There are 2 protein chains.
Amino acid sequence: MAGNNKLTEEKIFEAATEEFVDKGMDGARMQDIATRAGINKALLHYYFRTKDHLFDAVFEMIARKIMKRFSPVFDENFSFEDKIRFFFREHISFLQENPKLPGFILNEINRNPARIKKLLSSVDFENIWNTFYKQHKEDLLKYNISKETMPQLMISIAAMSVFPFAARGIIEGALMKSGIEFNDFMEERKKFAAEFVISAISK
Amino acid sequence: MAGNNKLTEEKIFEAATEEFVDKGMDGARMQDIATRAGINKALLHYYFRTKDHLFDAVFEMIARKIMKRFSPVFDENFSFEDKIRFFFREHISFLQENPKLPGFILNEINRNPARIKKLLSSVDFENIWNTFYKQHKEDLLKYNISKETMPQLMISIAAMSVFPFAARGIIEGALMKSGIEFNDFMEERKKFAAEFVISAISK
DNA sequence: GTCTATAGAAGGATAGAC
DNA sequence: GTCTATCCTTCTATAGAC
């Protein structure tokens with residue numbers, strides 16, 4: 001059947017995505033992917049040849065998905081401050097939908113830098129920063145932010161939203177003792193982080 | 001020989017620490033640990049019975065080492081602002097000496113929350129925050145920081161120093177395109193992060 | 001395209017000599 | 001305490017029937 005083909009491949013792909021994100025490349029098992037997909041091991045190899053191929057396909061899809069979702073940040077016609085608010089709202093919302101992604105991505109990059117490097121080489125960070133810098137030159141001047149401190153600022157912003165998810169295992173335990181739910185904490189964080197950063201750069 | 005005993009066990013332990021931090025629990029190989037230690041596989045099991053035992057011993061040692069190093073932050077007689085400066089200087093220096101620790105710890109906690117939970121249960125975060133809060137009540141009042149926003153603030157501080165190491169694989173690539181070395185970036189960050197946070201809370 | 005069966009390699013763990 | 005040899009399980013990957 002023509003449609004069936006596509007269906008099976010997709011089922012495998014989705015099952016593999018779950019398994020890899022859950023257990024990482026090293027911990028993932030082909031048998032478990034097959035079980036999740038409701039098929040047998042041999043079919044995995046029929047469609048994707050090796051575990052490595054399957055992993056690469058999954059990782060590339062995830063990377064593309066993230067890029068696509070956040071490209072709007074760089075062409076929205078917001079003020080600098082509103083862009084910061086927009087970013088934290090959107091980014092934390094995205095991570096609330098995909099809470100395991102940070103841990104997965106950070107770990108796989110550390111485990112196998114070579115594999116990831118070719119995926120990342122297509123992303124021109126220098127250009128992103130430059131574009132961003134040019135878009136908000138007046139604002140940044142007002143805030144005393146030089147081109148040299150842009151990396152420090154951008155990485156601080158990323159850290160504020162990504163880190164709680166990456167360190168969720170510790171943070172959830174720490175919050176619990178104060179009677180705070182992780183989800184409530186992250187909901188509150190959308191605003192806290194934005195105002196924190198804006199306040200930090202407003203000398 | 002009496003002293004030889006201790007020596008071998010230590011060699012194994014150090015080799016295991018390197019291997020686990022490098023490759024994680026799932027990726028680590030008993031054979032590779034034996035090779036690093038310059039002995040054979042059987043001896044690993046003679047001293048530590050199983051891979052799980054060995055991993056637990058290593059992880060516990062690392063956890064203890066970290067706690068020990070940062071307990072001074074909570075009893076030093078600094079002002080709130082100086083404590084922030086002290087923390088970033090000390091914490092980032094520690095991570096410069098142990099750059100792979102963040103990725104390792106975050107990943108293992110995500111992979112196996114149960115295993116880690118008993119180690120963390122001995123750490124009373126609520127108490128740490130309360131102590132910290134009481135120590136600096138006047139400062140915090142001045143800064144309009146309520147007890148409720150303490151978790152947001154503390155986790156932001158941790159994020160600022162830990163995240164760059166956890167995401168080093170991406171950040172190093174991004175910085176390179178701007179001609180910045182990771183080590184220089186982190187050296188600069190000791191001061192940037194401190195002033196960033198202090199500025200953020202000084203409304 | 002999908003399945004069962006199995007090859008073949010790798011890895012954790014143990015037995016037993018020294 | 002330390003080594004060699006080996007067991008046994010797990011896992012990726014393939015062969016071959018349908």
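Per chain, numbering begins at 1; letters A, B, ... match sequence-line order. Bear in mind that the values here come from a model prediction, so they are computed numbers and not experimental data.
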Open item on the list: For nucleotides 4-18 of chain C, give me one character per nucleotide, 5' to 3': B if any protein heavy atom sits under 4.0 Å from the base, S if the only such contacts are to the sugar-phosphate, - if neither.
Closed with: B------SBBBB---
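Whole-Å rounding puts the A:Phe55 CZ to D:dT12 C1' distance at 16 Å. The CG-P distance, from A:Asp26 to D:dT10, rounds to 18 Å in whole Å. Here D:dG1 presents its P atom at 9 Å from CD of B:Glu9, a figure rounded to the nearest Å. One interatomic measurement links the two molecules: OH of A:Tyr47 to C1' of C:dT2, which rounds to 8 Å at whole-angstrom precision. In this entry the distance linking CG of A:Leu43 with C1' of C:dG1 reads 7 Å, nearest Å. Rounded to whole Å, atom P of D:dT12 lies 16 Å from atom CZ of A:Phe48.
A donor-acceptor pair shorter than 3.5 Å can be found between the side chains of A:Ser156 and B:Arg189.
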Show me, pair by pair, the donor-acceptor contacts under 3.5 angstrom made by side chains of residues 157-167 of chain B, not counting sequence neighbours?
from     : atom 1 : to       : atom 2 : distance (Å)
B:Ser161 : OG     : B:His91  : ND1    : 2.7
B:Ser161 : OG     : B:Ala158 : O      : 3.4

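Here ring pair (Phe, Tyr, Trp, His ring centres under 6.0 Å) pairs that include residues 93-121 of chain A, with residues two or more places apart or in two chains, are A:Phe59-A:Phe104, A:Phe70-A:Phe94. The side chain to side chain donor-acceptor pair (under 3.5 Å) pairs that include a residue from residues 164-180 of chain A are A:Arg168-A:Glu172, A:Ser178-B:Glu126, where partners are two or more places apart or lie in different chains.
With sequence neighbours excluded, the residues satisfying salt bridge (Lys or Arg N to Asp or Glu O under 4.0 Å) with B:Arg64 are B:Glu60. Residues meeting the salt bridge (Lys or Arg N to Asp or Glu O under 4.0 Å) test with B:Glu108, sequence neighbours left out: none.
OP1 or OP2 of C:dT2 sits under 4.0 Å from a side-chain N or O of A:Thr8.
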